[in-house]
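The structure appears right after this line, and notes come after that.
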Amino acid sequence: MSKFDTKWMDRDLYGYGPDRPDAKWPKGAKIAVNFVLNHEEGGERSCEDGDEHAETVLHEFGQLLSAELGKRDPATESQFDYGSRAAIWRIMRLFKQHDIPITFYAVGRAFERNPAVAKYAEENGHEVASHCYKWKPYTGMTDAEEEQYIRKAVVAYKNTSPTGKVPVGWFYGRPSERSLPLVAKVYKELGHELLYWADTYADDLPYYTTLPGSSNEGLVMMPYSLDCNDFKFWQGQMGSDDAFAQHCINAFTTIRDEGVEGKTAYITVALHSRWIGRPGRFQALKRMVEHFTSFDDVWFATREQIARHWKETYPYVPKTE
């Protein structure tokens, strides 16, 4: 039995049911689109950085690569380097051209190793959300070890932000059952705002859970995407860039059609610089962006903007027992 509050993990299989609320997006938009760029490069597992072995997932070698304990893997490291050195700027040029604000799922260590990305993100109107301090699984750690990573992440964001800003949203990707309670504990102690949590895939709209450690304060849950996610290339579930682009366009079409009918919602397109930023895959992203921007009823928003809009439109109501 966990010593932490587990109510935030209580399952609700009904959700909004058949009468999904209208999100009432700004300016009458029929759909909200959020692009997330996972910035992990330099924060992945690496013996250089004190990890037991090199990173084993989301690289060009496929799923058969095994890592040797205690040994660096320079070939894998260089693939991550490409995302931070070259691909990130190709992607940023595209979003700047179309004036689209995005959300960075930023690994704290990655920002420490390339603070120019952190500076660019904030100064160009993008959101920085936390992807914790290292991109690694957190289920095998002790409570104290995981809390240390959270605290190191907060310091990393403060030190690399031009204004000392700390993220209001978190996404681990590989969380433990104590991850949210620990983040809530650290944020409360340090006086930071925790607006939303994104380790959920349960809906097309935000929803609420009770903030761990509080009986009457709500936390916005911001569903993320694993299907409109370029890691499908690595898993072999998308055989081509055309298939990935078409899948994301189909998701856009479905949610926009429902929005036209009065049930607006949002989609997230999830990206990784070292993947979608490669020249051969980049055109898939370009096709998506050009398709989405051809409509005049789309709200391109960060996750923070969507969460704040939801909180203002549908304030949290504490549950009564």
Side-chain angles (χ1 to χ4, degrees), residues 34-46 48-51 55 58 77-136 148-173 183 186-187 190-198 222 224 230 268-277 285 300-308:
N34 168 237
F35 286 97
V36 167
L37 185 62
N38 291 265
H39 187 68
E40 301 154 347
E41 289 82 0
E44 80 280 2
R45 290 178 292 186
S46 169
E48 176 201 23
D49 218 16
D51 297 295
E55 189 54 68
L58 273 173
E77 289 177 11
S78 68
Q79 293 177 46
F80 279 80
D81 294 349
Y82 182 86
S84 186
R85 290 165 57 101
I88 181 74
W89 306 116
R90 176 176 293 124
I91 295 167
M92 288 298 98
R93 286 193 294 270
L94 177 66
F95 287 127
K96 186 171 185 176
Q97 177 186 349
H98 292 277
D99 194 26
I100 295 175
I102 72 166
T103 297
F104 279 75
Y105 277 176
V107 175
R109 181 62 177 141
F111 266 12
E112 286 180 340
R113 302 190 77 165
N114 189 349
V117 175
K119 184 175 186 292
Y120 180 92
E122 184 171 324
E123 292 181 349
N124 286 271
H126 303 299
E127 176 200 2
V128 173
S130 176
H131 206 354
C132 208
Y133 184 70
K134 288 277 292 183
W135 186 55
K136 61 190 297 180
Q148 183 181 30
Y149 276 106
I150 294 167
R151 292 182 182 277
K152 290 174 73 172
V154 171
V155 171
Y157 301 125
K158 287 185 70 175
N159 288 346
T160 57
S161 162
T163 61
K165 181 176 171 58
V166 173
V168 297
W170 277 65
F171 172 79
Y172 269 67
V183 171
V186 171
Y187 265 47
L190 298 178
H192 298 309
E193 177 191 16
L194 183 60
L195 172 66
Y196 73 83
W197 188 258
M222 284 289 297
Y224 186 46
D230 66 3
T268 298
V269 177
L271 311 167
H272 300 75
S273 295
R274 63 192 177 279
W275 276 88
I276 206 68
L285 177 59
F300 293 98
T302 67
R303 297 178 83 72
E304 178 178 356
Q305 289 172 326
I306 293 172
R308 292 200 187 282

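Values below: every heavy atom of this structure, side chains too, minus hydrogens, waters and symmetry copies.
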Heavy atoms of Pro167 and Ser130 approach each other most closely as CB-N, 3.6 Å
Exercise. Indicate yes or no: at least one non-hydrogen side-chain atom of Val36 is less than 4.5 angstrom from one of Leu271.
Key: no
Do Leu285 and Ile91 have side chains that approach each other closer than 4.5 Å (heavy atoms only, starting at C-beta)? yes
request  = Give me the ring orientation class for His39 and Phe111: parallel if the planes are under 30° apart, tilted from 30 to 60°, perpendicular past 60°.
outcome  = tilted
- prompt: Does Ile88 reach the side chain of Leu37, with side-chain heavy atoms less than 4.5 Å apart?
  reply: yes
* Asked: Do Lys134 and Arg109 come close enough that some side-chain heavy atom pair is under 4.5 Å?
  -> yes
Contacts of Phe171 meeting ring-ring contact (aromatic ring centres under 6.0 Å, His included) (sequence neighbours excluded), chain-then-number -> Tyr105, His131, Tyr224
In short, salt bridge (Lys or Arg N to Asp or Glu O under 4.0 Å) pairs touching residues 149-164 with sequence neighbours left out are Glu147-Arg151, Arg151-Glu189
Residues at least two apart in sequence or cross-chain that pass side-chain hydrogen bond (donor to acceptor under 3.5 Å, both in side chains) with Thr160, listed by chain then number, are none
Original post:
Is there a side-chain contact between Leu94 and Arg90, using heavy atoms and a 4.5 Å cut-off?
Top reply: no
With sequence neighbours left out, the residues meeting side-chain hydrogen bond (donor to acceptor under 3.5 Å, both in side chains) with Asp81 are none
Are Trp275 and Tyr82, when compared by the centres of their aromatic rings, separated by less than 6.0 Å?
no
**Asked** Would you say Glu112 and Tyr133 make side-chain contact, with heavy atoms under 4.5 Å?
**Response** yes
Applying side chain to side chain contact (heavy atoms under 4.5 Å, CB included) to Glu122 and not counting sequence neighbours gives Ser161, Pro162, Thr163, Lys165
| Sidechain N-carboxylate O distance under 4.0 Å for Glu41, Arg113 | no
Hits for side-chain hydrogen bond (donor to acceptor under 3.5 Å, both in side chains) against Tyr187, two or more places apart or cross-chain, chain-then-number order -> Trp170
Hits for side chain to side chain contact (heavy atoms under 4.5 Å, CB included) against Thr302, two or more places apart or cross-chain, chain-then-number order -> Pro101, Thr103, Glu127, Glu304, Gln305
Quick one: are Phe80 and Trp135 in side-chain contact, heavy atoms under 4.5 Å? yes
For Gly108 and Tyr157, the nearest pair of non-hydrogen atoms, with its separation, is N-OH, 3.5 Å
Applying salt bridge (charged side-chain N to carboxylate O under 4.0 Å, His left out) to Arg303 and not counting sequence neighbours gives none
Across all chains, not counting sequence neighbours, the side-chain hydrogen bond (donor to acceptor under 3.5 Å, both in side chains) partners of Ser273 are none
Sequence neighbours excluded, the answer for side chain to side chain contact (heavy atoms under 4.5 Å, CB included) partners of Asn159 is Val155
With sequence neighbours left out, the residues meeting side chain to side chain contact (heavy atoms under 4.5 Å, CB included) with Ala121 are Phe104, His126, Val128
With sequence neighbours left out, the residues meeting salt bridge (charged side-chain N to carboxylate O under 4.0 Å, His left out) with Lys119 are Glu123
Q. Are any non-hydrogen side-chain atoms of Met92 and Tyr120 less than 4.5 angstrom apart?
A. yes
When every non-hydrogen atom of Ala116 is compared with those of Trp89, the smallest separation belongs to O-CH2, 4.1 Å
